[in-house]
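Small disclaimer: the values here were computed from a predicted structure and weren't measured.
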Amino acid sequence: MRLNRTTTKTSTPRTATLLILALFSASTLASQPSTDNQPPQDTQQAGAELAPYEVTYTAAMDKGITLNGTAKRTLTKKDGNVWLYRTDVDSFIANIDESLILKWENNQVIPLRYRYRLSGFLIKDREQSIDFDWDAGVATGKDEGEPFKLELREGALDPLGFQLQLSQDIKSGKRDITYQVIDGDDYDEDRFAVLDEESMKTSRGSITTLKAEKVRDEGSKRETLMWFAPDEDFLLVRLLQTEPDGSRYELRLNRSDLGG
């Protein structure tokens, strides 16, 4: 799931009902960019484990209008340390199929194969693919039908994998995080910061969450806030985005099945 980004690339339909698919906005580790062609490493916190899960979200616009669609996200273990991370959105306006095959090593997402397809009613279809060759130190793919090739930077992530990395970094105690994400034929660099602890009322009662924000340029009128639940393995339980025109879009966790 993808959020409105701050780049000036050709715009894609990522507002209104398409915020069903917008679980985050890109960002990377607090380490500085590097052109080292090795997969990302983190030797300070060895032994962290991923856990499979399946979650669904509902979306609403300001004035409490519920959007006609649901978003399902799954994390499934394959062979060894290989995982499949997947988002499926089914709505009247748009359908999204987004997936990543990744390795989980030394507390890091190492992306291998990313695929994204958007199709729907009265919107422009879009496809994106990224293949990561860590041995050769290059990423190749297509965006809007145009092929591209990029030199891999240390810690490079894709538009889906960084979201998994974000929740795991918050879980490990990081509170100010920057990510480099390949999106199209270039890198985006974005930053997230945890603000404070906040209690939230849910259908299952009150829960404690960590409130985080997407850090934007000073003067930006777009705001993105996220709430992660420590008691639910730091899943995203709520996302609220306010657009420059004052419109508000919200995602809320509907159902979660932890542990596969």
Side-chain angles (χ1 to χ4, degrees), residues 1-3 19-31 40 42 44-57 71-77 81-89 98-111 114 155-181 188 190-198 200 202 207-215 224-241 250-260:
M1 293 186 185
R2 306 145 72 98
L3 274 186
L19 278 177
I20 296 173
L21 67 109
L23 273 184
F24 305 60
S25 182
S27 286
T28 300
L29 294 173
S31 59
D42 185 342
Q44 294 181 352
Q45 301 176 40
E49 296 290 339
L50 289 182
Y53 63 76
E54 177 178 313
V55 297
T56 59
Y57 293 88
K72 180 172 75 171
R73 171 163 287 179
T74 57
L75 178 62
T76 307
K77 188 172 186 179
N81 61 348
V82 176
W83 295 75
L84 173 63
Y85 196 37
R86 186 178 186 90
T87 295
D88 294 285
V89 176
E98 188 176 24
S99 64
L100 171 68
I101 296 175
L102 66 107
K103 286 185 178 180
W104 177 250
E105 293 181 352
N106 300 313
N107 298 332
Q108 298 290 331
V109 169
I110 302 176
Y114 171 79
L157 293 167
D158 64 283
L160 186 59
F162 92 90
Q163 301 173 25
L164 177 60
Q165 187 69 60
L166 174 63
S167 64
Q168 294 300 310
D169 285 341
I170 292 176
K171 179 179 179 180
S172 70
K174 295 178 181 179
R175 295 296 178 259
D176 196 318
I177 319 160
T178 305
Y179 298 96
Q180 295 181 67
V181 180
D188 288 332
D190 298 279
R191 179 182 164 199
F192 291 98
V194 174
L195 301 178
D196 52 33
E197 190 175 281
E198 188 172 294
M200 178 182 297
T202 71
I207 63 172
T208 298
T209 67
L210 288 178
K211 181 180 179 181
E213 70 169 342
K214 162 77 167 84
V215 179
T224 304
L225 298 173
M226 296 153 286
W227 289 260
F228 297 86
D231 289 342
E232 296 205 42
D233 203 28
F234 289 83
L235 285 177
L236 177 76
V237 294
R238 184 189 178 200
L239 179 146
L240 179 64
Q241 179 152 308
E250 183 176 18
L251 290 173
R252 279 188 178 269
L253 182 67
N254 181 46
R255 184 181 63 83
S256 63
D257 182 8
L258 304 180

If you define the side chain from C-beta out and look only at heavy atoms, does anything of [X] sit under 4.5 Å from [Y]?
{"X": "Met200", "Y": "Val237", "answer": "yes"}
{"X": "Leu164", "Y": "Leu50", "answer": "yes"}
{"X": "Tyr57", "Y": "Asn254", "answer": "no"}
{"X": "Tyr85", "Y": "Glu98", "answer": "no"}
{"X": "Arg73", "Y": "Tyr53", "answer": "yes"}

Taking every non-hydrogen atom, the tightest pair across [X] and [Y]:
{"X": "Ala71", "Y": "Val89", "answer": "CB-CG2, 3.9 Å"}
{"X": "Val109", "Y": "Leu157", "answer": "O-CD2, 3.4 Å"}
{"X": "Leu75", "Y": "Ala51", "answer": "CD2-O, 3.5 Å"}
{"X": "Tyr114", "Y": "Asp158", "answer": "CD1-OD2, 3.2 Å"}

Qualifying residues under side-chain hydrogen bond (donor to acceptor under 3.5 Å, both in side chains), relative to [X], sequence neighbours excluded:
{"X": "Glu198", "answer": "Trp227"}
{"X": "Ser256", "answer": "Glu232"}
{"X": "Trp83", "answer": "none"}
{"X": "Lys211", "answer": "none"}

Output all residues satisfying salt bridge (charged side-chain N to carboxylate O under 4.0 Å, His left out) with [X], sequence neighbours left out; order by chain, then residue number.
{"X": "Arg255", "value": "Glu54"}
{"X": "Lys77", "value": "none"}
{"X": "Arg86", "value": "Asp88, Asp97"}

Does Leu84 form a side chain to side chain contact (heavy atoms under 4.5 Å, CB included) with Ser99? I'd like the steps, not just the answer. CA-CA 7 Å; Leu84 173 63; Ser99 64; 4.3 Å; yes

Looking at [atom1] of [X] and [atom2] of [Y], how far apart are the two atoms once the value is rounded to the nearest 0.5 Å?
{"X": "Ile110", "Y": "Asn81", "atom1": "CD1", "atom2": "CG", "value": "7.5 Å"}
{"X": "Leu160", "Y": "Leu100", "atom1": "CG", "atom2": "CG", "value": "5.5 Å"}
{"X": "Phe234", "Y": "Ser172", "atom1": "CZ", "atom2": "OG", "value": "9.0 Å"}
{"X": "Phe228", "Y": "Thr208", "atom1": "CZ", "atom2": "OG1", "value": "15.5 Å"}
{"X": "Glu250", "Y": "Leu240", "atom1": "CD", "atom2": "CG", "value": "5.5 Å"}
{"X": "Glu105", "Y": "Gln108", "atom1": "CD", "atom2": "CD", "value": "10.0 Å"}

According to side chain to side chain contact (heavy atoms under 4.5 Å, CB included), who are the partners of Val194, at least two apart in sequence or on a separate chain?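 With neighbours one apart ignored, the set is Ile170, Arg175, Leu210, Ala212.
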
